[in-house]
Structures are given as structure tokens and as C-alpha cells.
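Just below is one structure, and these are the notes that go with it.
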Amino acid sequence: MIDLRLLREDTDRVRASQAARGEDPSTVDTLLLAAERRRETVGRADTLRGEQKTIGKRVSQATPAERPALMTQAKELAAAVRSAVADEAAAEAALRQAQLAVPNVIEDGVPAGGEDDYVVVKEIGDKPTFAGFTPRDHVGLGRLLGAIDTERGAKVSGARFYFLTGQGALLQLALLNMAVAQAVETGFTTVITPTLVRPEVMGGTGYLGAHATEVYRLEADDLYLVGTSEVPLAGLHMDEILDLSAGPRRYAGWSSCYRREAGSYGKDTQGIIRVHQFDKVEMFSYCDPADAREEHDRMLAWEEQMLAKVELPYRVIETAAGDLGSSAARKYDCEAWIPTQGRYRELTSTSNCTTFQARRLNIRYRDTEGRPQFAATLNGTLATTRWLVAILENHQQADGSVAVPAALRPYLGGREVLQPQ
RNA sequence: GGAGGCUUCGCCUAGUCCGGUCUAUGGCGCCGCACUGCUAAUGCGGUUGGGGUUCACGCCCCUCCCGGGUUCAAAUCCCGGAGCCUCCGCCA
């Protein structure tokens, strides 16, 4: 939900944002009209209600003789109020609809265009060279190590499900624990979140818009399975006024994540790159909107710190406007090199949602004058199941064993190598 | 799954039976001022949130869990729903 004051005062900026996203700029004009119409109807209804209250008071104090005349007036007013309130409600609903149709206004400098119009910010690390052997993909390695069982995942739950077993399960736990440890060191509050949320929380985070088909819904209970702990972490402080005077409130959420992967038929059908269920440690920050850009930079830095710990070659890209979620004003992805695919694949993603989610979820803080204002929210990935793909492939050795990056060893009981079973 | 209770302006709370100066009581906390050599204590005042209007002071409207209804008028009456709590049953 965007700021209506910004819309009124800088309409061109909102239009330009829509254009950069490749979306219909006319939604902006619809929204402007709806906002204007709402203001008119509110004004009229307020005035009539005021008159009604005045006359209501006179009725209560009137003598029996005065009463009938006053009652006639009061009844007429009551009818007028009813109709004005109905208009107000209709205008209010139309405004809400129009607001839901407009995604967040992008930040200055975000590249225009779609999925392929990203900008490479930097490339870090050396891609591995496999002397004297052909590297195995993560599926082969996972089988060899007894780490990943996709066949039985499919048997039990269907395509895009898997079991992590033995060293695979331990590797994931080690990775996620390392992420939690880093988050704790950095001052995050660790949270294990619900993974089923109410419609208003799912909607408030912006996931029930264009990508609603991506979300699992439990119809019998009217609950949604979260695709990331960003959702429950954003809901955590819904309808609250936070004290941000000491700086951002930061949470690291650990949860399973569920995605329908609708419309991705044929993509990444092998292995655990694109799956219906995975685990993730996610950073989430509530902060003063004035600090949001800096916080975004910090989130990216923390992601890169994790990538350095697992010794992966990666690049950072800035996503183009059309590839941003509806809530995001700017997004950076870190993509790790996947040797057997010969390309970079997304391992992390950090979004600055500015005040967009907070407006929908009614999350505020008090400014220096003590007035409630909408907070900014940001999120970023610290580790996910998909990281196992990059770790296995990049650190594999000729015999199918995998070297454990030094930073990860303490979380694997000191183990230095994963051995074929 | 069954039965009962509860939900009021940050927290606690009065008010709901019997509709109208409820324009919501009091306490705690917080802020300001006064007083005292400092602190404490005390006194006085302020303190829900949202919206509309205004250069501004201010004024107006909404807000007593949510949504409907009755009524000239609803915190209060009626219907529906949500959340929390307690007990019983069942299951992990």
C-alpha cells in the first residue's frame, strides 16, 4: 500500500515507477480518483453526522410538545446520514481496491525492465576448476553421499519433494545453525515462527497479489502455508507501535517454507533446486524509513558474510523493477556459481519494502516528536536448503567426497569431509 | 468436539442489568509545570488511535474486539463472527 500523500504530491514518480515495472500506469490515475472521491464522501458524511448528533441531543432534552416536530427532522437527517455513510463505505472500498492494485514505488536507481534486465553489482571468488575429473551434479553427489533421496521423496509426497538423510540432514542443520549463530552475534533475535498464517497476514505482506497461485492454502481452516518466515515475522508486530529509538528491531526466523511452484513446470525438475518445501533462516528488520537504505546495505553484507563462510563463488545482482515483488522497492540477489549448470543461481534475496508492508499490516513506530509513523520493513536470506546444492557441487572432489568449508566444520562435529557411503 | 466466562483510550479498571450531559470513571506509567538545598514526596495540568478541514490556533467526525440489525439516538438492546481463558471429552 503506497503513501497517498506521495501519490498526490509526486504523482509522476509513482507513474514512472509503474512504467519501470512494466505495469499499467492508469492504475495510478484510478487510485488518485478513488482517493479524491473518498475525501468528498467522508466530508459530507461527517457534516451530516454532526447535525444528526446535535438534533439527537435536542430530542433528549425536548418537552413532550416539541418532540414530534424534532423527531420528524431527526428522521429525515437519519435517512440522509444512512445514504451518505453508504456512499462513504463504497468510496472507501473502491479506494482499498485501487490501493491493492498499485505495487510499491521503486527506489531511485532501480533498473527498469524485467527478469533479464538485472544489473550485476559485483562478482566474488574464483570458480572451481576440477582437475582430472568431470564434476558430478548435486543429485549424483547427494545419492553417493546418502545425503539426498529424491526418489523416495517423490514416492511419499510427489514431485519436488525429497528426504535429506544422514550427512545431508546434518549438513543442512549445520548450515542453518551457522546462520543462526551469525545472526545472534550480529544482535538478531532468533525466532522459530508459525508456518501457517491467517489471510490478513499473508495478504498484508503482499503475497496474495499477482503471485497468489504460488501459495498453499488450507481451505478447511482458511490458513495459508508460508513461503518464507518473512510472512510471520512481518505479522509479528502487526497492529503495534514499536519503539525504534534504539535502532532497528531485527529478527532471524527459522522455518520450513512451502511453495506451490505453479507455472514452473519443466524447470529444475531434478534435485533440490526448486522444491515445494525447504528450510530457511531469514533476516527481518523493522526500522525507521530514513534508515532503510543503510539497513538494506547491511543485510546484503550479512548475506555475503555467510557466502564467504561457505567459500562459494558468487555474484550480486540488482533485480530490475519488473522482477521485484509487489512489496519491494529495491532488491538484491546473491547468486552462487553452480558448476554443472555453468551459471549462477539465486541463493539469497534481500528486499527493502520501505513502508509498503507496514501500511497494510499497520506497523508503526514513534518519531522523535512522539507521533506514530509507519515503519520500514526489510528482509534477507541467511541460508536455505538450496545452498546445499552449491556447497556440494563447488567443494566436491574426484572420489565423490565433499570438503566441508572450515567455518562450517564446528557445526558438523569437526567433520572435514563428507564421504560417499 | 461439548459447556461456561471474558474482550473498554500503553497496562489495570468503573460503566453494560434499566439506551440520551459516556463529550467514558479511577489507578499505574509517561510528559510538563509548581514547590523543596538535591533526590524523594506532594500539588496542578496533560496523555487512545484514525480521518476530514485549516497557513495556523482550532473545529468537526469516527473509534468501548469485529460485522450486521433495532432506534431520532447504542460501550449499553438483538443477531452473527473472531480472539483469549477455564472445565470436560478425544488425540499426540
Side-chain angles (χ1 to χ4, degrees), chain A residues 1-9 31-100 192-204 217-224 231-232 234-246 249 256 286 289 355-375:
Chain A
M1 189 176 292
I2 68 164
D3 183 1
L4 292 179
R5 193 173 314 144
L6 170 75
L7 174 75
R8 216 165 16 200
E9 288 168 5
L31 181 54
L32 261 177
L33 269 169
E36 185 52 40
R37 169 113 185 94
R38 177 189 161 274
R39 280 201 296 167
E40 285 167 18
T41 56
V42 165
R44 196 147 26 109
D46 278 5
T47 307
L48 284 168
R49 245 190 309 244
E51 290 172 22
Q52 188 190 29
K53 283 181 73 165
T54 310
I55 208 155
K57 236 165 262 173
R58 282 170 62 199
V59 168
S60 68
Q61 292 160 357
T63 64
E66 301 169 325
R67 213 164 248 266
L70 279 174
M71 286 288 273
T72 310
Q73 263 192 72
K75 282 185 188 182
E76 279 167 19
L77 255 181
V81 166
R82 235 189 316 274
S83 118
V85 166
D87 289 348
E88 186 185 4
E92 215 57 89
L95 175 62
R96 208 168 312 122
Q97 278 305 109
Q99 277 179 310
L100 292 179
I192 293 171
T193 72
T195 52
L196 285 167
V197 299
R198 299 168 182 284
E200 58 271 31
V201 175
M202 190 56 86
R217 172 158 184 242
L218 276 77
E219 183 135 27
D221 300 284
D222 202 16
L223 290 169
Y224 292 91
V231 176
L236 183 67
H237 289 305
M238 176 171 67
D239 294 325
E240 293 182 25
I241 299 177
L242 301 171
D243 182 2
L244 296 179
S245 58
R249 284 273 274 265
S256 290
Y286 296 89
T355 58
F356 187 87
Q357 287 179 332
R359 280 171 204 283
R360 292 186 174 199
L361 293 169
N362 192 29
I363 301 162
R364 293 169 296 170
Y365 72 103
R366 287 192 192 277
D367 64 18
T368 45
E369 266 120 53
R371 318 177 72 112
Q373 306 282 359
F374 288 111

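When reading the values below, keep in mind they use all heavy atoms of this one structure, side chains included, and skip hydrogens, waters and symmetry mates. Letters A, B, ... are given to chains in the order of the sequence lines, protein chains preceding strands, and every chain is numbered from 1. Everything numeric here is computed off the predicted structure, so don't read it as measured data.
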### Query
Which nucleotides of nucleotides 60-73 of chain B have their base under 4.0 Å from a protein heavy atom (B), which only their sugar-phosphate (S), and which neither (-), written as one string 5' to 3'?
-BS---------BS
### Task
Classify the nucleic acid contact of A:Arg371 as base, sugar-phosphate or nothing, counting any heavy atom under 4.0 Å across all strands shown.
nothing
#### Entry: Whole-Å distance separating the CZ atom of A:Arg364 from the C1' atom of B:rG51
13 Å
### Query
Expressed in whole Å, how much space separates the P atoms belonging to B:rU8 and B:rA75?
16 Å
### Message
Taking only the P atom of each, what is the distance from B:rC60 to B:rC79 in whole angstrom?
### Response
36 Å
### Task
Would you sort out whether A:Arg37 and A:Leu95 count as a side chain to side chain contact (heavy atoms under 4.5 Å, CB included), showing the intermediate values?
CA-CA 8 Å; A:Arg37 169 113 185 94; A:Leu95 175 62; over 6 Å; no
#### Entry: Sugar-phosphate only, base, or nothing, as touched by A:Arg58 at under 4.0 Å among non-hydrogen atoms
nothing
### Task
Could you check A:Val81 against A:Glu51 for side chain to side chain contact (heavy atoms under 4.5 Å, CB included), going step by step and ending with a plain yes or no?
CA-CA 9 Å; A:Val81 166; A:Glu51 290 172 22; over 6 Å; no
### Task
For B:rC12 and B:rU70, measure between their P atoms and round to the nearest Å.
35 Å
### Message
Using atom C1' in both nucleotides, what's the gap between B:rU23 and B:rC78 to the nearest angstrom?
### Response
27 Å
### Task
Please determine, for B:rC33, whether a Watson-Crick or G-U wobble partner exists with both distances under 3.5 Å, and give it or none.
B:rG43
### Distance between C1' atoms of B:rC11 and B:rA73 (Å, rounded)
33 Å
### Summary
Pairing partner of B:rC59, by Watson-Crick or G-U wobble and under 3.5 Å for both distances, is B:rG52
### Query
Which whole-number value in Å describes the distance from A:Glu40 CD to B:rG51 C1'?
16 Å
### Task
For B:rC66 and B:rG89, measure between their C1' atoms and round to the nearest Å.
30 Å
#### Entry: Atom-to-atom span, CD of A:Gln373 to C1' of B:rG49 - whole angstrom
13 Å
### Task
Using both distances under 3.5 Å as the test, list the Watson-Crick or G-U wobble partner of B:rC90, or none.
none
### Query
Tell me, do A:Arg49 and A:Val85 make a side-chain contact under 4.5 Å, heavy atoms counted?
yes
### Query
What is the pairing partner of B:rG80, taking Watson-Crick or G-U wobble pairs with both distances under 3.5 Å in any strand?
B:rC66
### Query
Step by step, would you call A:Leu236 with A:Ile363 a side chain to side chain contact (heavy atoms under 4.5 Å, CB included)?
CA-CA 9 Å; A:Leu236 183 67; A:Ile363 301 162; over 6 Å; no
### Task
Rounded to whole angstrom, note down the C1' distance from B:rC61 over to B:rA3.
43 Å
### Task
Using whole Å, report how far CE of A:Met238 lies from C1' of B:rG83.
11 Å
### Message
Measure CZ/A:Arg366 against P/B:rC30 and give the value in whole Å, please.
### Response
15 Å
### Summary
pair_partner(B:rU25), Watson-Crick or wobble, both distances < 3.5 Å, evaluates to none
### Task
Identify the heavy atoms of A:Arg359 and A:Phe374 that sit nearest to each other, and give their distance.
NH1-CD1, 3.5 Å
### Query
Tell me: CG of A:Asp367 to P of B:rG49, nearest whole Å?
12 Å
### Task
Answer with base, sugar-phosphate or nothing: what part of the nucleic acid does A:Arg44 contact at a heavy-atom distance below 4.0 Å?
nothing
### Message
Pairing check on B:rC17: which nucleotide meets the Watson-Crick or G-U wobble criteria with it, both distances under 3.5 Å?
### Response
none
### Query
Under 4.5 Å between any side-chain heavy atoms of A:Met238 and A:Val201, yes or no?
yes
### Task
Using modelled atom types only, decide if a donor and an acceptor are shared between the side chain of A:Arg67 and the backbone of A:Val59 within a distance under 3.5 Å.
yes
### Query
CD1 of A:Ile241 versus C1' of B:rU47: gap in Å, rounded?
13 Å
### Message
A quick test of your reading: do over 12 heavy atoms of other residues, nucleotides or ligands sit less than 6.0 Å from CD1 of A:Ile192?
### Response
no
### Task
Find the distance A:Lys57:NZ to B:rA74:C1' and express it as a whole number of Å.
15 Å
### Query
Which atom pair, heavy atoms only, marks the closest approach of A:Pro289 to A:Thr355?
CG-CG2, 3.8 Å
#### Entry: Spacing of the P atoms in B:rU16 and B:rC65 (rounded, Å)
15 Å
